[in-house]
**Student:** 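Can you keep this structure in mind? I'll have questions shortly.
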Amino acid sequence: MSTTQTHPKAYADLLQHHRDASLLSSTASLLGWDQEVMMPPNGLAHRSNQLAQLAQLIHERSTDPRIADWLSACEADESLTADPRSDAAVNLREWRRDYDRATKLPAELVVELSQTTSRAKAEWAEARKADDYARFAPWLDQIIGLSKRQAECYGWPEEGEPWDALADGYEAGMTAAYVAGVFTPLREKLVVLVDRLMGSSTPPSNAFNELKLPIAQQEAFVRRVSAAVGFDYRSGRLDTSSHPFCSGTHHADIRLTTRFAEDNVNDALGSTLHETGHGLYEQGLPAEHLGTPRGSSVGLSIHESQSRLWENQVGRSRAFWTWCHPILVEHFGDAVAGLSADAVYAAANRVSPSLIRVEADEATYNLHIMIRFELERALLKGDLTAADLPSAWNEKYRDYLGVDVPSDAQGCLQDIHWSMGALGYFPTYTLGNLYSAQFFEAAAAELGNLPAMFAQGEFAPLLDWLRKNIHAPGNTYDSADLCEKVTGHPLTADPLLRHLEEKLLPIYGL
Ligand code: ZN
């Protein structure tokens, strides 16, 4: 069939095929949003059937053998591939990548993985509830075994390791050696920084984080802040769910969720700004390329860089609170009257080494991620067995965070990721933090006095910069290339360390 096709026709076929698949994926994503936000509990069985049918259709499309013919025809056509950054070349590169990954696993392994992880997830939930690691250990053992087989099917670069093959699914080209090269100096310096902060005799007051504030008022407050930084509510919504997320079904229909607790407005604001950052990225993707890689986000870590940038670089800055403090007072009145802008700013930046990743502060969060990265790498290399995981976990928490882990439920059973077979995922969180700091430094160097702008509520110059440099290119560059192109340097830990030290040491009177 391919021999009779002219190349532009093959490219048009690929375009149509993937745009149709993207419509199906965005429909599944909307049903997923509805399940978390709106669906009545009894709707679950029917929803599972709907989602399973869509997943089946999407899988059939993404492994359609005609793709191989179309791709070969296009890849041989220099008019499409001569410039590797052209729209067509970018699309072909990513379609090839996706097709190869989707077709490299034998069907029986796909089935075994899906059956094992779906049971392992349930066993993990029970084991965590009962604080019974022994119940989960054999399942983790099986998942490690299947993950190794999966990695062998995908393959990894020379001098690489199995972890690389799995991580590549979340972040193209991410390898353990690359991650370790960036993480190790960060870890060494973070441990020292956290130690210094904890030795301070003048830590900031926690009063702001303990205020009891009505949820309806919190909702109005976070909505106003997210709109002020640039989220377009004509092309998006904000709702609540137990785990905040951003579901990008289409650039003109972005669904954000956040969560509220009466005594934690700081968490509601942080979660909202975080998801707003994801949403701003999705709203900023080039509309004319939607449904193709050229119009898609780069990968998990660049997505996370956008959420962390608005949550931390902006939302935890002194200048942000200069602008936001009067708005806080306007929304909550007497309840916050006793707190100065300085007090709120300091409380929003409190550091406290703890057991649970999802509750960690900006400084210690990355240490939680490094522990998981080092352990999953060892599990996949065969240097660590599932049975020995709890003791290795607890030892690292003592070493890096100085905390004793009282139970596996609060230790190695706290995250769902490994039970789902998601090995190689965790580092994207910290890479996102690192990219956010490096991008922010580059933006500040180009735009001038960002704090003066934030203090006036002017966030548009920063958003425009992100639109132009990060959002508009879609998936033209991989993360490492995008970082070099935008900041002039490869990714390093220095900008994040500078950001944390320059902000936190004064807050702690150091
Ligand atoms: Zn995120």
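Small disclaimer: the values here were computed from a predicted structure and weren't measured. Just so you know, ligand 1 is whichever comes first in the structure, and atom 1 is the first atom listed for that ligand. Residues take their numbers from the sequence shown, with the count starting at 1.
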**Student:** Could you tell me if R377 sits above the aromatic ring of W163, with its cationic atom closer than 6.0 Å to the ring centre and no more than 45 degrees from the axis?
**Tutor:** no

**Student:** Could you pull out all residues at least two apart from I416 that satisfy side chain to side chain contact (heavy atoms under 4.5 Å, CB included)?
**Tutor:** K121, W124, S419, M420

**Student:** Spell out the protein N/O/S atoms under 2.8 Å from the Zn ion (ligand 1) as residue plus atom name.
**Tutor:** H274 NE2, H278 NE2, E304 OE1

**Student:** With H368, which of F426, Y429, Y397, W393 fulfils ring pair (Phe, Tyr, Trp, His ring centres under 6.0 Å)?
**Tutor:**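 The single option meeting the ring pair (Phe, Tyr, Trp, His ring centres under 6.0 Å) with H368 is Y397.
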
**Student:** H489: which residues meet the ring pair (Phe, Tyr, Trp, His ring centres under 6.0 Å) condition with it, sequence neighbours left out?
**Tutor:**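 Listed in chain order: nothing, the list is empty.
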
**Student:** Using atom types as modelled, flag every donor-acceptor pair under 3.5 Å from a side chain in residues 497-505 to any protein atom, sequence neighbours excluded.
**Tutor:**
from: R498; atom 1: NE; to: E441; atom 2: OE2; distance (Å): 2.8
from: R498; atom 1: NH2; to: E441; atom 2: OE1; distance (Å): 3.1
from: R498; atom 1: NH2; to: E441; atom 2: OE2; distance (Å): 3.4
from: H499; atom 1: NE2; to: E362; atom 2: OE2; distance (Å): 2.6
from: K503; atom 1: NZ; to: N349; atom 2: OD1; distance (Å): 2.8
from: K503; atom 1: NZ; to: E362; atom 2: OE1; distance (Å): 2.7

**Student:** Report, as yes or no, whether the 6.0 Å neighbourhood of atom CZ on R19 holds more than 12 heavy atoms from other residues, nucleotides or ligands.
**Tutor:**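 Enclosed: over 12 neighbouring heavy atoms sit under 6.0 Å from CZ of R19.
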
